[in-house]
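I have placed the structure first, in the form of structure tokens, so that the comments after it can refer back to it.
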Amino acid sequence: MAILIYAEHQNGKPNKTAKELASYASAFAARTGDQVIALGFGLTEPEELYRYGVHKVLNVEDPRFADFNARAYAEAFRQAADATGASLILTGQTADALYFTPLLAGLLQSAYVTQVIDLPESVEPFTVKRKAFSNKAIAHVVLKTPVKILNLAKNSFGLRENAVEGTVETFAPQVDDGVFEDIKRVKVEKASGKVPLSDAEIIVSGGRGLKGPENWGMIEELAEVLGAATACSKPVADMGWRPHSEHVGQTGKQVAPNLYIAIGISGAIQHLAGVNSSKNILVINIDPEAPFFKAADYGVVGDAFEVVPALIEKLKKFKLNS
Amino acid sequence: MKILLMLSVVPDTTSKINFTDDGTRFDKTGIQFVINPHDEFGLTKAMQIKEKTGAELHVVHVGPKENESVIRKTLAIGADKAFRIDADPRDSYYTAAQLAEFLKDKDYDLIIAGRESIDYNGSMVHGIVSALTGIRFINAVIGLELEGDKVLVDREIEGGKETLETRLPLIIGGQKGLVKEEELRIPNMRGIMMARRKPLEVLPPVEAPELTEYVKFEKPPAKGSVKLIDKDNLDELIDLLHNEAKVI
Ligand SMILES: Cc1cc2nc3c(=O)[nH]c(=O)nc-3n(C[C@H](O)[C@H](O)[C@H](O)COP(=O)(O)OP(=O)(O)OC[C@H]3O[C@@H](n4cnc5c(N)ncnc54)[C@H](O)[C@@H]3O)c2cc1C
Ligand SMILES: Nc1ncnc2c1ncn2[C@@H]1O[C@H](COP(=O)(O)O)[C@@H](O)[C@H]1O
């Protein structure tokens with residue numbers, strides 16, 4: 001039997017999500033004896049996945065797949081699942097995977113569960129733990145079909161090395177040209193040079209307490225010193241101080257970095273819903289009664305306009321000495 | 001032009017979540033149910049298109065009778081007609097199968113869903129509907145422009161956005177950005193009065209399998225208490241982040 005994972009990549013290199021999926025699959029395979037197979041589209045460094053326990057990489061080299069196309073990717077996965085006899089398919093919490101995986105689940109008529117946070121608790125019945133109600137609960141769900149599909153919540157399992165000997169094969173899915181014609185990309189806009197929110201290990205986030213967009217210089221500087229991405233609360237995006245793509249929370253992006261730094265954010269329940277899976281939370285707020293402190297690991301009560309510049313200076317010194 | 005909103009009904013965002021029957025069932029006591037926030041952006045977009053083109057707007061919801069007050073709200077905001085498929089939407093595939101069956105003999109040009117329901121955060125139903133019906137689908141939509149038969153759709157991607165060109169009929173998974181926050185509609189008195197006379201048709205469910213089953217719920221473990229660091233002692237903070245949390 002086999003476990004099939006989606007090897008998403010950036011410029012041909014498997015990304016962190018792909019490695020996390022490989023780690024998960026490999027840990028599960030240790031229990032079941034399954035083979036771990038990765039499917040990617042235009043990988044140039046597929047071998048990186050062997051380190052995380054992938055035995056075989058199926059690489060689609062057909063140039064029609066170079067641009068992401070959800071329907072075509074779902075078709076490719078269906079064919080790969082058939083070809084490999086996969087009983088478990090894993091994808092990650094990325095924009096593309098969340099788009100094509102439900103299509104795949106519909107095509108295969110397979111049980112599909114998102115927001116999965118841990119290895120299956122039991123194989124028979126096949127039961128997994130997932131987040132639900134915007135992180136306010138954990139649910140135990142049974143998947144009842146022979147082929148099962150899981151979407152793993154970001155940063156929930158982590159990277160675990162387990163090097164194996166692997167092979168790469170070219171995989172050529174049969175997909176009609178019409179599928180690629182049907183929905184066509186005409187433009188892409190990506191913020192360059194900045195750490196994307198979804199991959200960030202550290203996120204520096206600002207709220208209405210920062211008073212105005214002109215005060216974001218120190219937020220960006222703090223992010224730069226830490227190699228972090230920047231985010232914001234909903235009203236900050238609504239008022240146009242920051243782009244919508246930075247809005248985190250229940251109705252914005254859900255993030256789970258190793259460190260989330262909340263500056264001048266009160267910690268409303270809808271904000272917490274999107275960030276409280278973070279491994280560590282540091283809150284900087286002038287009001288000791290701010291609800292965010294209850295959800296934080298570390299807190300500094302103080303004026304952001306004093307604390308943040310001081311923190312930047314100290315971090316710069318720390319980085320120089322380490 | 002005909003538009004359909006696939007409506008998910010969810011607990012209000014401020015709800016305290018509890019479970020009964022030994023953690024096997026979500027406790028609805030005291031919970032206020034609302035239009036799923038992502039669907040709300042879609043509803044407003046639909047109203048804008050309706051006002052511009054004279055399109056007809058229908059709403060469909062798979063759920064119990066008690067959700068009709070929320071369905072009525074979409075009628076009060078301006079939808080013309082609603083359908084409720086009388087079933088418990090416990091499983092995404094089952095729910096999607098109901099919606100796919102509903103769509104079989106219809107001719108909607110644009111089908112608007114949300115990126116995800118904020119209760120189970122599944123982000124699945126609309127995608128499965130697309131697979132089952134073959135209607136093309138774009139997810140995480142933050143902008144939509146109709147130019148005759150052509151549609152330009154902005155989709156959020158990792159670290160940015162892309163513009164896709166496609167045609168109707170189309171299913172979208174909408175989210176914030178589809179319309180501006182201040183454009184969101186709330187029902188007014190006249191709308192509420194009119195909604196009472198608008199049709200809300202109840203349809204029986206069709207046979208479909210449930211592929212998943214929720215067997216138990218629990219609350220996540222509570223956070224330990226926060227470590228407060230004096231603002232004049234930020235060296236301690238850096239030390240904690242480096243040596244204890246190991247994040248810098
Ligand atoms: C349906 C719905 C969905 C929502 N979804 C989201 C969501 O996804 N994400 C989200 O963020 N919100 C969401 N909200 C809004 C949420 O309820 C809050 O209104 C919002 O999070 C508050 O943003 P804030 O903390 O930046 O602002 P405020 O609540 O105004 O808090 C500002 C904070 O800054 C502090 N402060 C002020 N001055 C300083 C200073 N000099 N130094 C340090 N601290 C200072 C204050 O003490 C205060 O705690 C949603 C609301 C609804 C109804
Ligand atoms: N019970 C339902 N009835 C009608 N549409 C639904 C239902 N559940 C989900 N949807 C639609 O599918 C989208 C994604 O939902 P979900 O898969 O539950 O996260 C929602 O935003 C709705 O547009």
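What you are looking at is a predicted structure, and each value in this text was computed from that prediction instead of being measured. Residue numbers start from 1 in every chain, and the chains themselves are labelled A, B, ... in the order their sequence lines are given, proteins ahead of strands.
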For A/A295, is it the side chain, the backbone, both or neither that has a heavy atom under 4.5 Å from a heavy atom of chain B? backbone
Given heavy-atom pairs under 4.5 angstrom as the criterion, report whether the side chain, backbone, both or neither of B/T14 touches chain A. both
Atom group of B/I138 that falls short of 4.5 Å from chain A, counting heavy atoms: both
Given a strict heavy-atom distance threshold of 4.5 Å, which part of A/I284 is in contact with chain B: side chain, backbone, both, or neither? neither
Engaged part of A/I202 at the chain B interface, taking heavy atoms whose separation is under 4.5 Å: side chain
B/E165 versus chain A, the contacting section by heavy-atom distance below 4.5 Å: both
With a 6.0 Å cut-off on ring centres, are A/Y73 and A/Y99 close enough? no
Are B/F217 and A/H140 close enough that their ring centers fall under 6.0 Å? no
Under 4.5 Å from a heavy atom of chain B, the part of A/L197 involved: neither
Between B/P11 and chain A, with a heavy-atom cut-off of 4.5 Å, which part of the residue counts as in contact: side chain, backbone, both or neither? side chain
Hey, which of B/Q175, B/K231, B/E158 has the most heavy atom pairs under 4.5 Å with chain A? B/E158
Any chance the side chains of A/Q109 and A/T145 put a donor and an acceptor closer than 3.5 Å? no
Checking A/F68 against chain B: side chain, backbone, both or neither under 4.5 Å from a heavy atom? side chain
So that I can tick it off, tell me whether B/E210 and B/R90 are bridged by a salt bridge, with the cut-off set at under 4.0 angstrom between side-chain N and carboxylate O. yes
In terms of heavy-atom pairs under 4.5 Å with chain A, the winner among B/E156, B/E218, B/E162 is B/E218
Please identify, among A/A105, A/A137, A/P196, the residue contributing the most non-hydrogen atom pairs under 4.5 Å to chain B. A/A137
Side chain from CB out, backbone as N, CA, C, O: work out which of these in B/F41 comes under 4.5 Å of a heavy atom of chain A, or both, or neither. neither
Will you find, in the side chains of B/K176 and A/H247, an N or O donor that is under 3.5 Å from an N or O acceptor? yes
Answer with yes or no whether the side chains of A/K16 and A/N155 bring together a donor and an acceptor at under 3.5 Å. yes
Segment of B/I238 engaging chain A (4.5 angstrom heavy-atom cut-off): side chain
Cut-off 4.5 Å, heavy atoms of chain A, and the answer for B/A140 is neither
What residue, out of B/L132, B/L237, B/L170, has the most heavy-atom pairs lying under 4.5 Å from chain A? B/L237
Just say parallel, tilted or perpendicular for the rings of A/H271 and A/Y260, cut-offs at 30° and 60°. tilted
Name the member of B/G160, B/S130, B/P220 that forms the most heavy-atom pairs with chain A at distances under 4.5 Å. B/P220
Give a yes or no on whether A/K319 atom NZ has more than 12 heavy-atom contacts from other residues, nucleotides or ligands under 6.0 Å away. yes
Tell me yes or no: between the side chains of A/S198 and A/K253, is some donor less than 3.5 Å from an acceptor? no
Max heavy-atom pair count under 4.5 Å with chain B, selected residue of A/K190, A/Q250, A/H244, A/Q115: A/Q250
Can you find a side-chain donor-acceptor pair between A/T91 and A/N151 that sits under 3.5 Å? yes
Counting heavy-atom pairs closer than 4.5 Å to chain B, which one of A/L107, A/T251, A/I281, A/N258 comes out on top? A/T251
So for A/R185, is it side chain, backbone, both, or neither that comes closer than 4.5 Å to the heavy atoms of chain B? both
When you check the side-chain N and O atoms of B/N121 and B/E116, is any donor under 3.5 Å from an acceptor? yes
Using heavy-atom distances under 4.5 Å, tell me whether A/E189 contacts chain B through its side chain, its backbone, both, or neither. both
Counting only heavy atoms closer than 4.5 Å, note whether B/P37 contacts chain A via side chain, backbone, both or neither. side chain
Would you check if there is a donor-acceptor pair between the side chains of B/Y214 and A/R130 at a distance under 3.5 Å? yes
Name the option with the most non-hydrogen atom pairs under 4.5 Å to chain A; the candidates are B/R167, B/K227, B/K16, B/E182. B/K227
Cation-pi geometry met for A/K316 and A/F318 (6.0 Å, 45°): no
Interface check, chain A: of B/S123, B/G122, B/S117, most non-hydrogen pairs under 4.5 Å belong to B/G122
Whether the B/T29 and B/D27 side chains hold a donor-acceptor pair (N or O, under 3.5 Å, no angle test) is what I'd like checked. yes
Any idea which of A/I269, A/I138, A/D238, A/V301 has the most non-hydrogen atom pairs under 4.5 angstrom with chain B? A/I138
Regarding B/K219 and B/N18, do their side chains bring together a donor and an acceptor under 3.5 Å, going by distance alone? yes
Could you check which of A/D182, A/L226, A/V283 has the highest count of heavy-atom pairs closer than 4.5 Å to chain B? A/D182
Quick check on A/K294 against chain B: is it the side chain, the backbone, both or neither that has a heavy atom closer than 4.5 Å? backbone
Partner chain B: residue of A/V300, A/I183, A/L311, A/V188 with the largest heavy-atom pair count (under 4.5 Å): A/I183
Donor-acceptor pair between A/T17 and A/Q93 side chains, under 3.5 angstrom: no
Contact origin within A/S110 toward chain B - heavy atom pairs under 4.5 Å: backbone
Is it the side chain or the backbone of B/K223 that comes within 4.5 Å of chain A heavy atoms, both, or neither? side chain
Under 4.5 Å from a heavy atom of chain A, the part of B/D235 involved: both
At a heavy-atom separation under 4.5 Å, does A/K279 approach chain B through its side chain, its backbone, both, or neither? backbone
Verdict with reasoning, B/Y93 to A/Y112, per ring-ring contact (aromatic ring centres under 6.0 Å, His included): CA-CA 8 Å; B/Y93 184 87; A/Y112 169 42; over 10 Å; no
Assess the side chains of B/N233 and B/D230: does a donor N or O sit below 3.5 Å from an acceptor N or O? no
